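A quick write-up on the structure given underneath.
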Amino acid sequence: MIKKDEDLYIRLEALANMLMDGFKEGAKEVGLAIQTEVRGSMFGFFFNQKPVKNFDDAQRSDAKLFAKFHQEMLKEGVYLACSQYETGFICEPMDERLIKKVVKKAKKAMKKIL
């Protein structure tokens with residue numbers, strides 16, 4: 001697949017950015033502090049007021065809020081990594097339509113966890 005799709009990694013990174021931009025937008029809409037990061041097809045997020053650049057920063061994130069969000073996303077049919085210390089990955093079968101659905105569900109979940 002990689003040899004047939006020379007732009008695969010570019011597309012996967014764009015989808016990861018689309019997902020995290022959607023999470024940031026949803027958090028802003030409800031007044032939640034969130035920090036996101038994308039590296040290629042990898043993504044991660046923390047409920048934190050300040051940028052998370054190391055483990056100490058990560059430990060100052062709201063793990064209880066992360067757990068509530070994770071549970072609400074499960075109820076919406078979206079399985080994310082169950083720890084704020086884990087990363088997520090975008091994979092080849094994913095597309096913009098799917099990412100938009102997940103963002104919509106994330107916004108719904110964010111409203112519920114407040």
Side-chain angles (χ1 to χ4, degrees):
M1 176 50 86
I2 295 171
K3 290 181 180 180
K4 291 180 182 179
D5 186 354
E6 293 179 8
D7 295 327
L8 176 64
Y9 290 112
I10 293 167
R11 185 172 60 78
L12 295 179
E13 183 172 15
L15 292 173
N17 278 307
M18 177 186 234
L19 180 65
M20 289 296 93
D21 288 347
F23 276 32
K24 286 188 282 191
E25 182 181 299
K28 185 177 180 180
E29 288 173 8
V30 297
L32 285 174
I34 194 169
Q35 303 297 319
T36 67
E37 195 67 48
V38 171
R39 290 289 182 267
S41 64
M42 295 173 47
F43 65 90
F45 61 96
F46 293 91
F47 291 106
N48 195 321
Q49 293 283 341
K50 297 180 180 180
V52 176
K53 298 296 181 189
N54 55 49
F55 185 67
D56 289 336
D57 294 344
Q59 287 187 299
R60 288 189 279 278
S61 299
D62 192 333
K64 289 181 181 179
L65 190 60
F66 183 96
K68 286 182 183 179
F69 179 70
H70 184 267
Q71 286 298 308
E72 288 301 322
M73 291 298 279
L74 286 175
K75 291 175 188 175
E76 292 293 324
V78 177
Y79 183 82
L80 297 167
C82 58
S83 169
Q84 70 177 358
Y85 300 106
E86 295 179 65
T87 190
F89 295 89
I90 302 296
C91 61
E92 192 275 330
M94 295 177 176
D95 59 18
E96 286 187 19
R97 183 184 58 77
L98 177 64
I99 297 299
K100 287 177 182 177
K101 285 175 75 173
V102 172
V103 166
K104 184 177 180 179
K105 291 176 181 211
K107 289 179 178 183
K108 183 178 175 184
M110 287 179 189
K111 289 177 184 174
K112 289 184 174 183
I113 63 174
L114 292 179

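Here the structure is a predicted model, which is why all the values come from computation and not from measurement.
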When rounded to the nearest 0.5 angstrom, what distance separates [atom1] in [X] from [atom2] in [Y]?
X: F43; Y: L19; atom1: CZ; atom2: CG; value: 5.0 Å
X: L32; Y: M110; atom1: CG; atom2: CE; value: 6.5 Å
X: K64; Y: I113; atom1: NZ; atom2: CD1; value: 14.0 Å
X: E92; Y: L15; atom1: CD; atom2: CG; value: 10.5 Å
X: F47; Y: L65; atom1: CZ; atom2: CG; value: 5.0 Å
X: E96; Y: K101; atom1: CD; atom2: NZ; value: 14.5 Å

[Y] backbone acceptor or donor facing [X] side chain under 3.5 Å:
X: S61; Y: A63; result: no
X: D5; Y: L8; result: yes
X: Q35; Y: Q49; result: yes

Are [X] and [Y] connected, step by step, through hydrophobic side chains (Ile, Leu, Val, Met, Phe, Trp, Tyr) whose heavy atoms are closer than 4.5 Å?
X: F66; Y: V38; result: yes
X: M94; Y: M20; result: yes
X: M18; Y: I10; result: no
X: I99; Y: I34; result: yes

- Considering all heavy atoms, the nearest A58-Y85 contact: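 Minimum heavy-atom contact is CB-CE2, 3.8 Å.
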- Closest non-hydrogen atom pair between M42 and A16, with its separation: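 Looking at all heavy atoms of both residues, the shortest contact is O-CB, 4.4 Å.
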- Message: Looking at K68, I want to see if its NZ is surrounded by more than 12 non-hydrogen atoms of other residues, nucleotides or ligands under 6.0 Å.
- Response: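 Not buried by this count: 12 neighbours or fewer within 6.0 Å.
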- Is the number of heavy atoms from other residues, nucleotides or ligands under 6.0 Å of Q59 CD greater than 12?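 For Q59, atom CD is crowded (more than 12 foreign heavy atoms under 6.0 Å).
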- Any residue meeting salt bridge (charged side-chain N to carboxylate O under 4.0 Å, His left out) with R97, in chain and number order, not counting sequence neighbours: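 Once residues adjacent in sequence are excluded, R97 has no partner under the salt bridge (charged side-chain N to carboxylate O under 4.0 Å, His left out) criterion.
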- All salt bridge (charged side-chain N to carboxylate O under 4.0 Å, His left out) counterparts of K24, not counting sequence neighbours: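 Only D21 meet the salt bridge (charged side-chain N to carboxylate O under 4.0 Å, His left out) criterion with K24.
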- ring-ring contact (aromatic ring centres under 6.0 Å, His included) contacts in which one or both residues fall within residues 20-40, not counting sequence neighbours: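 Every ring-ring contact (aromatic ring centres under 6.0 Å, His included) pair that includes a residue of residues 20-40, provided the two are not neighbours, is F23-F45, F23-F69.
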Partners meeting side-chain contact (heavy atoms from CB on, under 4.5 Å) with [X] (sequence neighbours left out):
X: R60; answer: N48, D56, D57
X: S41; answer: L12, F89, I90
X: L74; answer: H70, Q71, Y79
X: K107; answer: E25, E29, V103

- Item | side chain to side chain donor-acceptor pair (under 3.5 Å) involving E37 - partner list, sequence neighbours excluded |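 Once residues adjacent in sequence are excluded, the partners of E37 under the side chain to side chain donor-acceptor pair (under 3.5 Å) criterion are R39.
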- Where at least one partner belongs to residues 75-90, residue pairs that pass salt bridge (charged side-chain N to carboxylate O under 4.0 Å, His left out), sequence neighbours excluded: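 Passing the test, one end in residues 75-90: E72-K75, E76-K108.
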